[in-house]
Amino acid sequence: MRGFLAPLKSSRSSSVFNHFRKVIKFPYSSQTNQSFQQRTFFKSNNRDTTLVCNHKRFEETIHIFCQQNRLKEALQILQQIDKPSVSIYSTLIQSCLRSRALQQGKVVHQHIKLSGFVPGLFILNRLLEMYAKCDSLVDAQNLFDEMPDRDLCSWNVLISGYAKMGLLQQAKNLFDKMPDRDNFSWTAMISGYVRHERPNEALELFRMMKRLDNSKSNKFTVSSVLAAAAAVPCLRIGKEIHGYIMRTGLDSDEVVWSALSDMYGKCGSIEEARHIFDKMMDRDIVTWTTMIDRYFQDGKRKEGFDLFADLLRSRIKPNEFTFAGVLNACADQSSEELGKKFHGYMTRVGLDPFPFAASALVHMYSKCGNTVSAERVFKRMPRPDLVSWTSLIAGFAQNGQPDEALWYFELLIKSGTQPDHITFVGVLSACAHAGLVDKGLEYFHSIIEQYGLTHTADHYACIIDLLARSGRFKEAENIINKMSVKPDKFLWASLLGGCRIHGNLKLAERAAEALFEIECENPATYVTLANIYATAGMWTEVAKIRKTMDERGVVKKPGLSWIEIKREVHVFLAGDNSHPKSKEINEFLGKLSKKMKEEGFVPDTKLVLHDVEEEQKEQNLSYHSEKVAVAFGIISTPEGTPIKVFKNLRTCVDCHNAFKFISKIANRKIIVRDSNRFHYFEDGSCSCRDYW
DNA sequence: AAATCTGCAC
């Protein structure tokens, strides 16, 4: 580069020029040619230097433009050269491949054909790869068929291109036809299966490979096959491969170790994964991120954050994937303060506009109930992708801002982006939150009619939720009876919930029966059904359900609520008085209850089985966990501060009503996020129009 | 001269 930029000595340059003048076409007059040189050669060098135009320099210019991804300019210069060398073509094709520029790649291919250059296998394979990677398999296939000679590489490039696109059958056909196979062929085929979620076929192929020719496996093959074992997931097979790796001495590569650790993590053996992680000599950011995320997915938040802290102390820099995982963990426990800290860090290192990281930020702020910040992050994104749009829409929907959610959806459509099935989950739940049944139905039908997508089980669950909540059971049943996919547990649970609100006993029994078949261990189904019977005064049935629960050993999960105050998370369990301020909280709640009764609050006594907590309440002053958390929030923050509380289960009806009164009496905005939605209470009313 | 491990939205 430096040599190229340095001016040539004039005496030498003229002879070089003469040497090449025969093979260079000059479409410009000498005057224009002069300015052309300066324009192309010295973009990055302001020195006014006299240069001689020669073949070599044209080629070097092309190399530089390719390095800078300035394909258009490189192609312009290509037109000036009569007989480009192999390396020029190779550089150009590689550059097209890198920027996935199919059209420019075709121009180069055309140039090769017209220039009379007879491409060797090297160039042809490059072209083949370019077509395969630009997803233009028709061109790749045509070229492959035209090729007079093919080597292993040609086959492999085509196979790995076919396999990556998901055309596994075609790839397999090619693979079977191959005269000879090397480890590239095997790896391409195996990783194709893994990538398209067919791990068992990948493992089968690996077994076949071991049987036919053991020497063909290398670090790439075993990494792929470990990913297959992780995807099943099957610890036994994973351990077998681990043994194989040790026997064959393939354990010297970092990526293999990384895949190994990942396999153990995914197969549920996190200690073993950490053990391998600790033994690794040279951990890269992928390894770190994998390990940290594994902890989070295992519900081990503390270990995850601790490891992240270790990472920040190391010399390895976290990337946007790392932050996406960590922010997701913040979102799960709604730690806005912690999330903000990471946001600040991301801004400092310049990671915040990356789509992956920005979407995670939008998600985190939404899950913490801060749609203002979520929207701000979104608006700052240079080019928001579909995931960011969907995060924002879903965030507004969950936060009781359906108008904003639908407004952003319309904006998304106007921007020309095609929504996907997940976007519509957000849209439909926004309609549910707003009680917009007909609008919801309209969107539901538009999924197929306007957007050419198919209805997923999630869409059906959403629309049944919407119809059942508003008591439109006939329509709900009609949809269920002619659904294109099997109704899942979320759909039945929505229907059951709707039946509870409207006291539809017959349909409730159908829903509960279906739920018992899918997951007989979920206590929520028993409790809801019992409550429906209780409301109808059918006490024998209630007793029967209690008995069945005992027999099957079904236990209601304990309700858990938490609140973050000054970066510290306080967790409350119903009936648990271990918090240092327990006495104060109970006193406050006692006073509050009295005041609430005066204001006309009637505790809901019909719901006998909804909670055991309920029954004990009057006797020992043990309150629902979310009530305790709210009370603690009120007494530990200055007047006027909004209270944000989170619960692992769904908020109970009684508390939902109580919070309306509390928001008025204490003059506080109360925000409760339960397992699946937000509830906003202000001055005696709640924003959720869909709740109970 | 081609490839292997992480991964945001419901």
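Letters go in sequence order (proteins before strands), and every chain restarts at 1. From a predicted model like this one, the values you see are computed outputs, not experimental measurements.
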[X] side chain, from C-beta outward: closest of [options]:
X        : options              : value
A/Phe122 : B/dA3, B/dC8, B/dA1  : B/dA1
A/Ile422 : B/dT6, B/dC10, B/dT4 : B/dC10
A/Thr187 : B/dA3, B/dC5, B/dC10 : B/dA3
A/Ala227 : B/dA9, B/dC5, B/dC10 : B/dC5
A/Val286 : B/dA9, B/dT6, B/dT4  : B/dT6

Under 4.0 Å between a side-chain N or O of [X] and OP1 or OP2 of [N]?
X        : N      : value
A/Lys367 : B/dC10 : yes
A/His363 : B/dA9  : yes
A/Lys164 : B/dA2  : no
A/Arg195 : B/dT4  : yes
A/Gln297 : B/dT6  : no
A/Asn183 : B/dT4  : no
A/Lys266 : B/dC5  : no

With a non-hydrogen cut-off below 4.0 angstrom, is [X] in contact with a base, only sugar-phosphate, or nothing?
X        : answer
A/Ala188 : nothing
A/Asn156 : base
A/Asn328 : sugar-phosphate
A/Ser223 : base
A/Thr289 : base
A/Ser224 : sugar-phosphate

List in chain and number order the residues that pass side chain to side chain donor-acceptor pair (under 3.5 Å) with A/Asn522, two or more places apart in sequence or in another chain; answer none if no residue qualifies. A/Glu519
Examine the side chains of [X] and [Y] and answer whether a donor and an acceptor come within less than 3.5 Å of each other.
X        : Y        : answer
A/His421 : A/Asp458 : no
A/His109 : A/Tyr131 : yes
A/Asp182 : A/Asn156 : yes
A/Tyr264 : A/Arg294 : no
A/Glu404 : A/Thr371 : no

Mind calculating the distance between [atom1] ([X]) and [atom2] ([N]) to the nearest angstrom?
X        : N      : atom1 : atom2 : result
A/Ile463 : B/dC10 : CD1   : P     : 19 Å
A/Ile316 : B/dC5  : CD1   : P     : 19 Å
A/Leu97  : B/dA3  : CG    : C1'   : 13 Å
A/Arg283 : B/dT6  : CZ    : P     : 18 Å
A/Phe220 : B/dC5  : CZ    : P     : 10 Å
A/Lys219 : B/dA2  : NZ    : C1'   : 14 Å
A/Lys133 : B/dA1  : NZ    : C1'   : 10 Å
A/Ile159 : B/dA3  : CD1   : P     : 14 Å

Cationic tip of A/Arg126 within the cone over A/Tyr89's six-membered ring, i.e. under 6.0 Å and within 45° of the normal? no
Examine distances only and state if a side-chain atom of A/Thr390 and a backbone atom of A/Leu386 form a donor-acceptor pair shorter than 3.5 Å. yes
Which atom pairs, one a donor and one an acceptor, fall under 3.5 Å between side chains of residues 374-384 of chain A and the rest of the protein, sequence neighbours left out?
from, atom 1, to, atom 2, distance (Å)
A/Glu375, OE2, A/Tyr408, OH, 2.6
A/Arg376, NH2, A/Ser373, OG, 3.3

Listed in order of residue number, which residues of residues 352-362 of chain A have a non-hydrogen atom at under 4.0 Å from DNA chain B? A/Pro355, A/Phe356, A/Ser359
